[in-house]
Amino acid sequence: MLTLVNPAAGASKKIIFDTDPGTDDAMALMLALNSPELDVRAITVVPGNVIAKQALENALRMVSLANRCDIPIAAGAQHPLFQKLITAEFWHGKNGLANIELPASKCKVDSRFGPDLIIEMVHAAPHEITLIPVGPLTNIALAVEKDPSIVPLVKEVIIMGGSITGGNVNASAEANIYNDPEAAQIVFQAGWPLTMVGLDVGDKTLFSAKYLQQLGETHGPVNDFIYGVAKYLNDLSAKFGADGTPMYDPLAVGVAIDASLVTAPAMHVDVETRGDFTRGETVANRRGMVERNVLRGDRYVIEGVDKVEANAKVGTDVEADRFLQLFVSRLRGK
Ligand SMILES: [Ca+2]
């Protein structure tokens, strides 16, 4: 096994980062690797922004750039559970990393299947592992389906995905959930502590020219790579009239570092898997109750209300400047 020791290990939160890199995945990963609060124990790769093979290659190159070949990097699912993959080179560049060509990786892929690696690590460190999936939830769902006994042993799940105020794929769905709604429903209903860092709260964290300039003042391999990614995303955002790029995946890592960055009320969230217009929508019950409709003769009669249990904390607001300053401070000079 590995002998390299992360100096922050022990005091820090053990995480498994599940990712489809991906430009904002790159920013999220580098934030995680450079934050002493987090101890990245494994990286599992899922197709989403790019196909599985490209996503794995990107993960290997980024971890190599960060000089962290001690971290196991495992391939996972090759496609969503029940539908065709939808890739997003349109947003992330042809290679998924803003068309930045990183040096070949010195790191080797771990031979284990991503979901199996998750299962193994959770059992090896019960109640200590936080899962941070920032792509489609296929790998996490496969792990839960194969071994449901991991659910009470996972410390916490912090996902980037979903929205309670409309989507980016279409009017209703956010891309990570839309890419594998059945997997998402499994993950939301599993019964573990789950925080949803969705599209709508991510949209409040715009990495604007001000932060880009700050990151451009310092240099280092990771600093310069992330500057290039952020510059690409900022230019893309400008074409769509936005004043900066939303930090979707990085904010999920930010919440793992410091949960107080977001306001996240508890709600019950279901994932729509069948709607004509709403497949992939995260449907959140804000009132904590549903009407109890009872069949009386030829009609239903409302006879009361039933409480629904919350299954997620849903990010609704964020201290954006504090988060963006944190992001820049962690990557400067790296
Ligand atoms: Ca992602």
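None of the values given here were measured: they were computed from a predicted structure. Computation of the quantities below employed the complete heavy-atom set of this structure, encompassing side-chain atoms and omitting hydrogens, waters and symmetry-equivalent molecules. Indexing begins at 1, ligand by ligand and atom by atom, following the structure's order.
Evaluated for a side-chain contact (heavy atoms from CB on, under 4.5 Å) with Asp203, the options Val201, Leu206, Leu199 yield exactly one hit, Leu199. Tested against Arg279 for a salt bridge (Lys or Arg N to Asp or Glu O under 4.0 Å), the candidates Glu182, Glu272, Glu174 yield a single pass: Glu182.
Ion pairing between a basic and an acidic side chain is recognised when a charged N comes within 4.0 Å of a carboxylate O; Asp235 and Lys231 show such pairing.
In summary, no N, O or S atom of Asp24 is located under 3.0 Å from the Ca ion (ligand 1). Within the coordination shell of the Ca ion (ligand 1), defined by N, O or S atoms under 3.0 Å, Val134 is present.
Classification of the Phe207-Phe327 ring pair by plane angle, with boundaries at 30° and 60°, yields perpendicular.
Computed with the Ca ion (ligand 1) at the centre, the Asp20 OD1 to Asp249 OD2 angle is 150°, stated to 10 degrees.
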